[in-house]
Amino acid sequence: MQPNASDFASTLAKPGLHKSRVEAGRPFPRGATWDGLGVNFALFSANATKVELCIFDQTGTTELERIVLPEYTNEVFHGYLPDARPGLVYGYRVHGPYEPDAGHRFNPNKLLLDPYAKQHVGELKWDHALFGYTIGHADGDLSFDERDSAAFVPKSQIVDPAFTWGNDRRPNVPWERTVFYETHVKGFTQRHPSVPDRDRGKFSGLAHHDVVQYIKSLGITSVELLPIHAFVDDSYLVEKGLRNFWGYNTLGFFAPDPRYMGSPFVNEFKELVSTFHHNGLEVILDVVYNHTAEGNENGPTLSFKGIDNATYYRLLLDNKRYYINDTGTGNTVNTSHPRVMQLVMDSLRYWAGEMRVDGFRFDLATILAREPTGFSEESSFLHATMQDPLLSQVKLIAEPWDCGPGGYQVGRFPPGWAEWNDGYRDTVRAYWRGDEGKVPAVAGKISASADLFNNRGRQPWSSVNFITAHDGFTLHDLVCYNDKHNEANGEDNRDGHSHNLSNNYGVEGPTEDAEINNVRFRQLRNFFATLLLSRGTPMILAGDEFARTQGGNNNAYAQDNEIGWVDWNVTQDGEDLAEFVQKLIMLRQALPMLRRGRFLQGRFDQEIGAKDVTWMSPSGGEMQQAEWDDAGARCFGVLLDGRAQAEGIKRIGSDATMLLVLNAHHDVVNFKLPQAPGGRRWHCIIDTNMPNRDELVPFEFDTDYMATGRSLLAFILEPEDGYSLSDEAHQAFQHVSEAFRRAAAERVHIVRPDKG
């Protein structure tokens, strides 16, 4: 029987025994790799002079042995331990010059995490020994600290990658059918009544049957998880009794954070992915490759800084003591260096291949596409991802901005990428708040922002539309608070955005006023209907669908508590809202018109004899320029003609014709339902003022429909008998009718505490 890691460590701990056998090993792959016989260790550093591998006991508290990696090949230190096994706990001490003015911060007194470690053991304990310099010294970060940091840092651990995936298959949800659901592993499960205490806040909790069935019952296709890579709680938060809840402070690009693991094995995450895939759900990871938890020159030495600071980080060219801070977090990862780029690409391939995730949302993605001259659509990172045979097949989503010069790049990422569209968020918020002059802008946004994305063969799905995300108000709070209320963050309410484009409708926060609450919930339905009936890829913030609140906190990054956790004690109004969202998603999936791969042009096609879209005024006619220019206009219609060309082939379309009516005015507007070629009458499928309709209600052409103040309407055209496309058009109408009936019959799988 082969010895395991525990046997190996206990043998080392016995006095008088020989030290580990060491062989030369190979410079690849990077990291610590179990090959079935032993473990190969390989660590890149262009400027180090020596690397020591430090072996620890299973708890990571006692250092048992130091082994100098014997070989240095192509700037990689490497060695092979034939007696090492999965489970072995280790770290590195890296020797080299300590010359901050030259960008070098080597200090072998600091134990360092392997950048390629697949698992971490223990947690960071803030102590002055973590810093490469002596805190309080007159020379600041130019001083050199000799204290050993091993007692205060997490350690790396070797993993066995074996896992039985069985018949696991990626869902491969087409982009045009994708509905994102942004959530947090702990925040979503910590208070869920069905999840056992031991699984709350863990990957196993997120994989719980009732949790998965709820997400699935909503109609979600793709779950986007806030960062799960190993991360650090900032010292200033720990001092205030807070935590880095969101996790945008990465320390390990390969290791899942131990706080999300209920077992000592990374396979717990694989089991989550397998469970989601079995239920047709994709797993998308929010990843942070733009910076690390080591901060600026005054930050700790935990990994990259002590391995090769001058390579891993972007430093000021004229003073390498200091860091370029395009991220606003103290440092910026230097993806212009080929080995750093390789690290990022290896991490992505590991998660997409070994862990089988279905895509990535890149935090501050502009950073990754920066070259020394600035953002470039031809950057090495963008080229690398798009040519990679694995990564080019998963979903790639950019947060297309950073804090550096020229950092806002919405619409500038290449074909194959989707991008968060914050312009959609702001425009839709402002329109429904009743701001003046927003009709032209909102018309463009619900048409997938063609002004930004209609180039280079990109399609409408490239625009990821959202109204709320983790950063900012929840949707409930957007209609309940005029101002942010971040007092719990301990920064005197100075943090977080103040430009929320929100409205409390008369009372700040909760109220018993029935009229105000009716307006608020109608606005919630307006936001959801706008989002899910727009062209583009919709993203929903978890809990918004049942009116989750954070008490007005719009920056809950440090709130690992009831503020940040989803409350499953859902009210009846909240459950009704969730079922309204479910209906909208069903209708979206049943209506190809909403998912077409062509941007709306609004031009008359002579060959087909139709416009793809006609913008309608309340009088029932096509909007004229004076109406577009009217700053007081707040009501308009969108006629989507099913006869319009649906794809590149020049032929008449056969989708259902639709009419949307958006009324952001505070009062009723009479909207004349226009005549439409090939149709008999309109049927109302959505009225946000009457969300509980269980049947399609018919309305004749030229009917004056009383559009309630602050409401959205959606109609589908019933084809007339004998219409040249009668069969296809009737079939499309029937699909919507079936979806409508199914939405009325099915229930959202919410388990509330009072349901047991």
Side-chain angles (χ1 to χ4, degrees), residues 218 428-435 467-468 472-485 500-533 540-554 562-563 566-584 634-635 661-671 684-695 697 705-714 743-744 747-748 750 752-755:
L218 269 180
V428 172
R429 285 186 180 192
Y431 172 74
W432 283 114
R433 191 173 66 168
D435 289 10
I467 299 168
T468 55
F473 276 146
T474 65
L475 201 62
H476 168 276
D477 292 354
L478 188 67
V479 300
C480 292
Y481 296 93
N482 281 347
D483 303 300
K484 62 185 180 181
H485 296 271
N500 295 297
L501 297 169
S502 61
N503 193 339
N504 66 18
Y505 300 99
V507 175
E508 187 76 351
T511 180
E512 297 298 321
D513 188 306
E515 184 176 348
I516 292 176
N517 285 328
N518 285 338
V519 171
R520 288 175 172 179
F521 271 89
R522 189 162 66 250
Q523 287 288 60
L524 294 179
R525 293 189 290 270
N526 289 336
F527 281 126
F528 274 118
T530 305
L531 178 66
L532 290 163
L533 299 178
I540 296 170
L541 175 64
D544 274 355
E545 71 278 6
F546 50 73
R548 169 182 171 248
T549 181
Q550 290 181 166
N553 191 315
N554 76 349
E562 285 80 3
I563 294 175
V566 172
D567 183 1
W568 290 93
N569 190 23
V570 180
T571 66
Q572 187 59 54
D573 284 340
E575 189 164 343
D576 291 343
L577 180 63
E579 292 180 352
F580 179 74
V581 173
Q582 178 197 49
K583 178 191 292 185
L584 285 168
R634 291 178 175 82
C635 182
V661 176
L662 291 81
N663 179 24
H665 189 57
H666 69 274
D667 205 351
V668 172
V669 172
N670 288 327
F671 197 100
C684 185
I685 56 176
I686 294 292
D687 183 340
T688 58
N689 187 51
M690 293 180 284
N692 298 320
R693 281 179 172 171
D694 292 334
E695 59 183 16
V697 182
Y705 192 105
M706 295 179 64
T708 304
R710 302 188 180 101
S711 68
L712 184 148
L713 316 167
R747 308 291 292 181
V748 176
I750 296 179
R752 297 188 305 213
D754 60 359
K755 287 186 176 180

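These figures come from a predicted structure and were not determined experimentally.
- Within a 6.0 Å radius of CD in Q572, more than 12 heavy atoms belonging to other residues, nucleotides or ligands are found.
- In this structure, the separation between CG on L584 and CZ on F528 is 9.0 Å, given to the nearest 0.5 Å.
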For this session: Decide yes or no on side chain to side chain contact (heavy atoms under 4.5 Å, CB included) for W568 and R752, but give the supporting numbers first.
Result: CA-CA 6 Å; W568 290 93; R752 297 188 305 213; 5.9 Å; no
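- Partners of D435 under the salt bridge (charged side-chain N to carboxylate O under 4.0 Å, His left out) rule, at least two apart in sequence or in another chain, are R433.
- Put simply, CG on D576 and OG1 on T571 are 8.0 Å apart, with the number rounded to the nearest 0.5 Å.
- Rounding to the nearest 0.5 Å places CD of E579 at 8.5 Å from CG of N692.
- Put simply, the side chain of R520 gets close to the backbone of N504: a donor and an acceptor are under 3.5 Å apart.
- A donor atom on one side chain and an acceptor atom on the other are found under 3.5 Å apart for T468 and D544.
- Proximity of a side-chain donor or acceptor of R548 to a complementary backbone N or O of D567 within less than 3.5 Å is not detected.
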For this session: Check the pair F527 / T530 against side chain to side chain contact (heavy atoms under 4.5 Å, CB included), numbers first and verdict last.
Result: CA-CA 5 Å; F527 281 126; T530 305; 5.8 Å; no
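- Residues R693 and C684 come closest through the heavy atom pair NH1-SG, 3.0 Å.
- To the nearest 0.5 Å, atoms NE2 (H476) and CG (L478) are separated by 11.0 Å.
- For E545 (side chain) and G543 (main-chain N/O), a donor-acceptor pair under 3.5 Å exists by modelled atom type.
- Listed for the T688 side chain is a donor-acceptor partner under 3.5 Å among the backbone atoms of L712.
- Considering all non-hydrogen atoms of both residues, F473 and D483 come closest at CZ-O, 3.5 Å.
- Taking each heavy atom of A714 and L533 in turn, the nearest pair found is CB-CD1, 4.0 Å.
- For the pair N482 and E508, the tightest heavy-atom approach, listed with the atom from each and the gap, is N-OE1, 2.8 Å.
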For this session: Apply side chain to side chain contact (heavy atoms under 4.5 Å, CB included) to V581 and L532, showing your working.
Result: CA-CA 9 Å; V581 173; L532 290 163; 4.2 Å; yes
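- Heavy atoms from other residues, nucleotides or ligands lying under 6.0 Å from CE of M690 number more than 12.
- Among all heavy-atom pairs drawn from G552 and T549, the shortest one is N-OG1, 4.4 Å.
- I467 and R429 get closest at one heavy-atom pair: O-NH2, 2.9 Å.
- Taking the side chain as every heavy atom from C-beta outward, I540 and L531 approach each other to under 4.5 Å.
- Atom-to-atom distance recorded for L218:CG and F546:CZ is 8.5 Å, nearest 0.5 angstrom.
- For E562, the CD atom counts as densely surrounded, since its 6.0 Å shell holds more than 12 non-hydrogen atoms of other residues, nucleotides or ligands.
- D477 places no side-chain N or O within 3.5 Å of a backbone atom of C480 that could act as its donor or acceptor partner.
- Atom-to-atom distance recorded for Q582:CD and I750:CD1 is 9.5 Å, nearest 0.5 angstrom.
- Listed by chain and number, the residues in a side chain to side chain contact (heavy atoms under 4.5 Å, CB included) with R710 are Y505, V519, R522, Q523, N526, H666 (sequence neighbours excluded).
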Exercise. Taking it one step at a time, do H485 and N553 satisfy side chain to side chain contact (heavy atoms under 4.5 Å, CB included)?
Worked result: CA-CA 5 Å; H485 296 271; N553 191 315; 5.9 Å; no
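- Remark: side-chain polar atoms of Y481 are not paired, donor with acceptor, to backbone N or O of N554 under 3.5 angstrom.
- The shortest side-chain heavy-atom distance between W432 and L662 falls under the 4.5 Å cut-off.
- Checking side-chain atoms of N663 against main-chain N and O of A707 turns up a donor-acceptor pair under 3.5 Å.
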